[in-house]
A.B. asks: 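Sharing a structure here in structure tokens format.
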Amino acid sequence: MTQQHIGNIAVVVDNYDEAIEFYTKKLRFTLVEDTDLGDGKRWVRVAPAHSQGTHLLLAQASNSRQQQAVGNQSGGRVFLFLHTNDFWRDYHFMKEKGVVFAEEPRTEAYGTVVVFQDLYGNKWDLLELTPSKTSDTL
């Protein structure tokens, strides 16, 4: 039986340290790894606290083509979906920390959701699924 999972998703950033600061302080992610690879490169991974899933690999842009992708990972669409077990707790915390929201929270058939932006403008959904839904049904 084949078993696979996505281990990391690369997010192109302007600066390792400012990205770490955003994800750990404003989203309460955990810094999983920060390894110096030499020549200014680092292997930096963050993940939501207590997550057993995919990590974000923060990849500092090293040329003009990569720099153009910073903040536009998915061409302006929602890029990542941050699932939570307490929408309002996380929404209010993020709002207090200055996270930019593109809209007001809304209730949909699948759950409570709001679009927010990371420090570079990539769009995310903060999402608490209704109890009868799973991430596989979205």
Side-chain angles (χ1 to χ4, degrees):
M1 170 187 279
T2 301
Q3 291 184 333
Q4 299 177 326
H5 74 276
I6 295 174
N8 298 302
I9 295 176
V11 176
V12 184
V13 300
D14 272 336
N15 178 278
Y16 291 120
D17 294 323
E18 71 182 15
I20 291 169
E21 176 82 10
F22 176 84
Y23 287 104
T24 61
K25 302 297 184 203
K26 295 190 178 192
L27 301 187
R28 289 192 280 211
F29 281 26
T30 299
L31 178 61
V32 175
E33 182 177 2
D34 186 355
T35 302
D36 187 344
L37 301 175
D39 295 327
K41 292 184 181 181
R42 291 158 57 184
W43 184 258
V44 179
R45 296 185 309 141
V46 296
H50 312 293
S51 172
Q52 300 300 313
T54 305
H55 297 109
L56 292 184
L57 176 67
L58 304 179
Q60 188 168 290
S62 62
N63 60 44
S64 62
R65 184 171 183 202
Q66 292 175 14
Q67 189 63 43
Q68 291 173 356
V70 173
N72 194 26
Q73 296 281 149
S74 62
R77 294 189 59 127
V78 170
F79 175 52
L80 296 168
F81 299 78
L82 180 59
H83 288 214
T84 180
N85 66 344
D86 188 334
F87 177 88
W88 293 107
R89 173 200 63 211
D90 293 341
Y91 171 75
H92 291 300
F93 178 85
M94 291 164 61
K95 196 166 180 104
E96 283 178 16
K97 294 296 183 179
V99 172
V100 174
F101 290 90
E103 61 184 13
E104 293 298 316
R106 65 186 191 283
T107 302
E108 299 288 350
Y110 54 84
T112 305
V113 63
V114 68
V115 176
F116 72 92
Q117 296 177 11
D118 68 16
L119 74 163
Y120 300 115
N122 293 304
K123 292 181 182 175
W124 291 60
D125 271 359
L126 174 64
L127 174 62
E128 182 179 358
L129 294 172
T130 55
S132 63
K133 302 294 181 188
T134 67
S135 59
D136 295 334
T137 62
L138 289 180

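Reckoned from all heavy atoms, side chains included, excluding hydrogens, waters and symmetry mates. Here, residue 1 is the first one in the sequence, and each next residue gets the next number. All values reported here derive from a predicted model rather than from experimental measurement.
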A.B. asks: So does K97 get a backbone contact from the side chain of K26, meaning a donor-acceptor N/O pair under 3.5 Å?
C.D. replies: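 Yes; at least one donor-acceptor contact below 3.5 Å.
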A.B. asks: Given 3.5 Å as the limit, does a donor-acceptor pair link the side chain of S51 with the main chain of G53, or not?
C.D. replies: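 Between the backbone of G53 and the side chain of S51 there is a qualifying donor-acceptor contact (under 3.5 Å).
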A.B. asks: Among V13, L119, L58, find the residue that satisfies the side chain to side chain contact (heavy atoms under 4.5 Å, CB included) test when tested with E18.
C.D. replies: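 Only one option passes, and that is L119.
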A.B. asks: Are side-chain heavy atoms of Y23 and V44 found at a separation under 4.5 Å?
C.D. replies: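 They are not in contact (no side-chain heavy atoms under 4.5 Å apart), so the answer is no.
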A.B. asks: Output the distance between atom CG (D125) and atom OG1 (T84), rounded to the nearest 0.5 Å.
C.D. replies: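 So the CG of D125 and the OG1 of T84 are separated by 13.0 Å.
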A.B. asks: I'd like to know if K95 pairs up with D90 as an ion pair, taking the criterion as any Lys NZ or Arg NE/NH1/NH2 lying under 4.0 Å from an Asp or Glu carboxylate oxygen.
C.D. replies: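 Looking at D90 together with K95, the answer is no, because their closest N to O distance does not fall below 4.0 Å.
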A.B. asks: Strictly distance-based, threshold 3.5 Å: is any side-chain N or O of T24 a donor or acceptor partner for the main-chain N or O of I20?
C.D. replies: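 Yes, because the side chain of T24 sits within donor-acceptor range (under 3.5 Å) of the backbone of I20.
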A.B. asks: Quick one: do Y120 and N72 satisfy side-chain hydrogen bond (donor to acceptor under 3.5 Å, both in side chains)? Show the steps, please.
C.D. replies: CA-CA 8 Å; Y120 300 115; N72 194 26; over 6 Å; no
A.B. asks: With a 3.5 Å distance limit and no angle check, can you tell me whether E103 reaches the backbone of V115 through a side-chain donor-acceptor pair?
C.D. replies: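 Side chain of E103 to backbone of V115, a donor-acceptor pair under 3.5 Å: yes, one is there.
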A.B. asks: Got a second to check how far D36's CG is from D39's CG, nearest 0.5 Å?
C.D. replies: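 If we round to the nearest 0.5 Å, D36:CG and D39:CG are 9.0 Å apart.
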A.B. asks: Is T54 reaching over with its side chain to a backbone N or O of N8, donor-acceptor style, under 3.5 angstrom?
C.D. replies: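 Not confirmed, T54 side chain does not pair with N8 backbone.
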A.B. asks: Would you call the rings of W88 and Y91 parallel, tilted or perpendicular if under 30° counts as parallel and over 60° as perpendicular?
C.D. replies: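 If you compare the ring of W88 with that of Y91, the planes turn out perpendicular.
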A.B. asks: Of all the heavy-atom pairs spanning N15 and Q60, show the shortest one and how long it is.
C.D. replies: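 Scanning both residues, the minimum pair turns out to be CA-OE1, 3.3 Å.
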A.B. asks: With side chains defined as the heavy atoms from C-beta onward, is the minimum distance between L127 and T112 less than 4.5 Å?
C.D. replies: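 No - every pair of side-chain heavy atoms lies 4.5 Å or more apart.
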A.B. asks: Please state whether the rings of F116 and W124 are parallel, tilted or perpendicular, taking 30° and 60° as the class boundaries.
C.D. replies: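 Because their plane-to-plane angle is under 30°, the rings of F116 and W124 count as parallel.
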A.B. asks: Do the side chains of E128 and V113 get nearer than 4.5 Å, heavy atoms only?
C.D. replies: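 No - every pair of side-chain heavy atoms lies 4.5 Å or more apart.
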A.B. asks: Any chance you could measure N63, atom CG, to R65, atom CZ, to the nearest 0.5 Å?
C.D. replies: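 Going from the CG atom of N63 to the CZ atom of R65 covers 8.0 Å.
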A.B. asks: Just wondering, more than 12 heavy atoms not from L37 lying within 6.0 Å of its CG?
C.D. replies: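 Enclosed: over 12 neighbouring heavy atoms sit under 6.0 Å from CG of L37.
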A.B. asks: Are the side chains of L56 and R45 in touch, meaning some heavy atoms are under 4.5 Å apart?
C.D. replies: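 Side-chain contact under 4.5 Å: no.
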A.B. asks: Let me confirm one number: the NE2-OG1 distance from H55 to T30, rounded to the nearest 0.5 Å.
C.D. replies: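 Output value for this atom pair is 9.0 Å.
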A.B. asks: Would you compute the distance between atom NE2 of H92 and atom CG of D86 and round it to the nearest 0.5 angstrom?
C.D. replies: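 Here the rounded value is 9.0 Å.
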A.B. asks: Check E108 with R106, please: is the shortest side-chain N to carboxylate O separation under 4.0 Å?
C.D. replies: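 Yes, R106 and E108 are salt-bridged.
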A.B. asks: Would you find a donor on one side and an acceptor on the other, under 3.5 Å apart, between the side chain of E21 and the backbone of D17?
C.D. replies: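 No, E21 side chain to D17 backbone: no donor-acceptor pair under 3.5 Å.
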A.B. asks: Taking the basic N atoms (NZ, or NE/NH1/NH2) and the acidic carboxylate oxygens, is any pair closer than 4.0 Å for D118 and K123?
C.D. replies: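 Result for this pair is no, no salt bridge flagged.
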A.B. asks: Do the non-hydrogen side-chain atoms of M94 and L126 ever get within less than 4.5 Å of each other?
C.D. replies: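 With C-beta onward as the side chain, the pair touches.
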A.B. asks: Please confirm whether the backbone N or O of Q73 pairs with a side-chain atom of N122, one donor and one acceptor, at under 3.5 Å?
C.D. replies: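 Here the side-chain-to-backbone pair exists.
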A.B. asks: Drop me the distance from L57's CG to R42's CZ, to the nearest 0.5 angstrom.
C.D. replies: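 Reported value, rounded in 0.5 Å steps: 12.0 Å.
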A.B. asks: Provide the closest heavy-atom pair for Q117 versus F22 in the form atom of the first, atom of the second, distance.
C.D. replies: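 In this case the closest contact between Q117 and F22 is O-CZ, 4.0 Å.
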